Amino acid sequence: MTTAPSDRRAILKGALGGVLCVGSALGTPLGHGPAMAAAPRKIPFGAAVRGDALAADAAYGAALADRCRLLVPEGGLKWPVLRPNRETFDFGEADRIAAFARRNGLGLRGHTLAWYGGMPAWAEAITSPVEAEWVLTSHIETVVSRYRGFIGSWDVVNEPMPDNPASPQDLRRFVWTKTLGAEYIPIAFKAAHAADPAARLVLNEYDIEYVGPRFAQRRAGILAIARSLLDRGIPIHAIGLQAHLFADRELDRDGLQSFLREIKAMKLDVLVTELDVIDAGLPTDFATRDAIVAKKAADFLQAVDEVTPPSAVLTWGITDRYTWVPIYFTRSDGTANRPLPLDSDLRPKPLMNVIERFTGSAS
Ligand code: G3I
């Protein structure tokens, strides 16, 4: 990718600031004069980045800078990293990633402000609602303000739905629901908006794209949360589809598309925030496996695009060298997982081609 940093910033400003600025399917095209109508679409592509790998692996950094227009810290903005204890904010990793993004003319997304995953023990031990609201809002105020004007979009609430919701109103049990109930969600969105009124605020969720009642229930839950925020006039701008796709699960095209139509009717944007394809059950052969992975992602992206083109597409990592997938989905044949656009030697795989074609970043 050869786009100059200043051009990248202009594209991002539009996409993440809510002004769709990209190709024919997305409204105002990029380009100049009469040739504009023919301009290719440009959806910002980005990837999650690991701070430790960025510091140690120059080739990894170069691949990110070359391929991406935006980054998101994979762990650097999470509570266990930022908040080792009640008194401390440790911005070291997040600041290093932000500096890398700035140096390379890349945008940055924020992940995440309210999530059950890996909450530090001191926070998980809170029982008083008053203290909970103070800790949650002061955290959000401090973190969002620090990157005001640079982080253009935040995953404010991540994964609010339980894996198997009993109803669309069911929420995951963790410190904020135990102390504040469902109200933790509007509290978090209001605090993020107060800290950076220009930031795009995202409700992010996984496992919403498959066939089956559990996935339908999760979609209904996300829609209910978004509707309730909008009805109360609380700022929310987008739904994030994590899209940790299982290669061997059947996509529910109809279910996904009617979900997206509801989101569109609410005038919310859609982002693909954590795309990768879990290949644990696929054949050993790399070419076969990579083709199935690419096809799964293409089918998903196309289903989304037919209803509402995403304002950004991010993969959860850029290279198979650094991926969360083996934490939960190691392969029984002993070979490494291949869920991401570049292989472990940073060579592009068919998934990279799918994404480049989809986003218009192929030249
Ligand atoms: O950095 C240490 C390393 O020093 C140590 O040797 C090693 C031993 O276990 O652990 C390393 O840290 C791990 C880190 O990933 C590496 O990046 C943590 O234990 C592990 O908990 C952490 O997992 C992350 C997980 O979220 C929990 O925060 C994954 O990287 C990250 O990809 C994953 O991301 C989530 C999204 O936030 C939300 N959506 C699902 C997605 C995948 O699970």
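Being a predicted model, the structure only gives us computed values, none of them experimental. Side chains included, hydrogens not; waters and symmetry mates left out as well; all remaining heavy atoms used. Residues take their numbers from the sequence shown, with the count starting at 1. For ligands, and for the atoms within them, numbers begin at 1 and follow the listed sequence.
In terms of polar-atom proximity, defined here as any N/O pair under 3.5 Å, Tyr328 makes no such contact with ligand 1. Ligand 1 has an N or O atom lying under 3.5 Å from an N or O atom of Glu74, backbone or side chain. Where the criterion is an N or O separation shorter than 3.5 Å, residue side chain and backbone included, His111 meets it with respect to ligand 1.
Annotation: atom 15 (O) of ligand 1 to nearest protein heavy atom, Ile327 CD1, 4.3 Å. Atom 41 (C) of ligand 1 has as its closest protein heavy atom Glu274 OE1, 3.5 Å. The single protein non-hydrogen atom nearest to atom 26 (O) of ligand 1 is Lys78 NZ, 2.9 Å, given as residue, atom name and distance.
Paired with Asp290 under the rule salt bridge (charged side-chain N to carboxylate O under 4.0 Å, His left out), one option of Arg338, Arg347, Lys296 passes, and it is Arg338.
Within the 4.0 Å cut-off (strictly below), no protein heavy atom is located near atom 18 (C) of ligand 1.
Of all atoms in ligand 1, numbered sequentially from 1 with element shown, those under 4.0 Å from a heavy atom of Asn158 are 38 (C). Interface of His244 with ligand 1, defined as ligand atoms under 4.0 Å from a residue heavy atom, comprises 39 (N), 40 (C), 41 (C). Using a 4.0 Å cut-off to heavy atoms of Arg50, the atoms of ligand 1 that qualify are 17 (O), 30 (O).
With hydrogens and angles ignored, the 3.5 Å screen pairs no side-chain donor or acceptor of Arg148 with any backbone N or O of Ala198. Judged by distance alone, the side chain of Asp285 and the main-chain N or O of Thr288 form a donor-acceptor pair under 3.5 Å. At distances below 3.5 Å, not a single donor-acceptor pair connects side-chain atoms of Asp279 with backbone N or O atoms of Pro339.
Residue contacts with ligand 1: Trp115 is included, with a non-hydrogen atom under 4.0 Å away.
Arg67 is listed as a side-chain neighbour of Met352, based on a closest heavy-atom distance under 4.5 Å.
The proximity of Trp316 to ligand 1, defined as any non-hydrogen pair under 4.0 Å, is limited to the side chain.
Taking each heavy atom of Arg50 and Thr323 in turn, the nearest pair found is NH2-C, 3.3 Å.
With hydrogens and angles left out, the side-chain atoms of Asp155 and Trp115 include no donor and acceptor closer than 3.5 Å. No donor-acceptor contact under 3.5 angstrom links the side chains of Asp170 and Gln217, judged on distance only.
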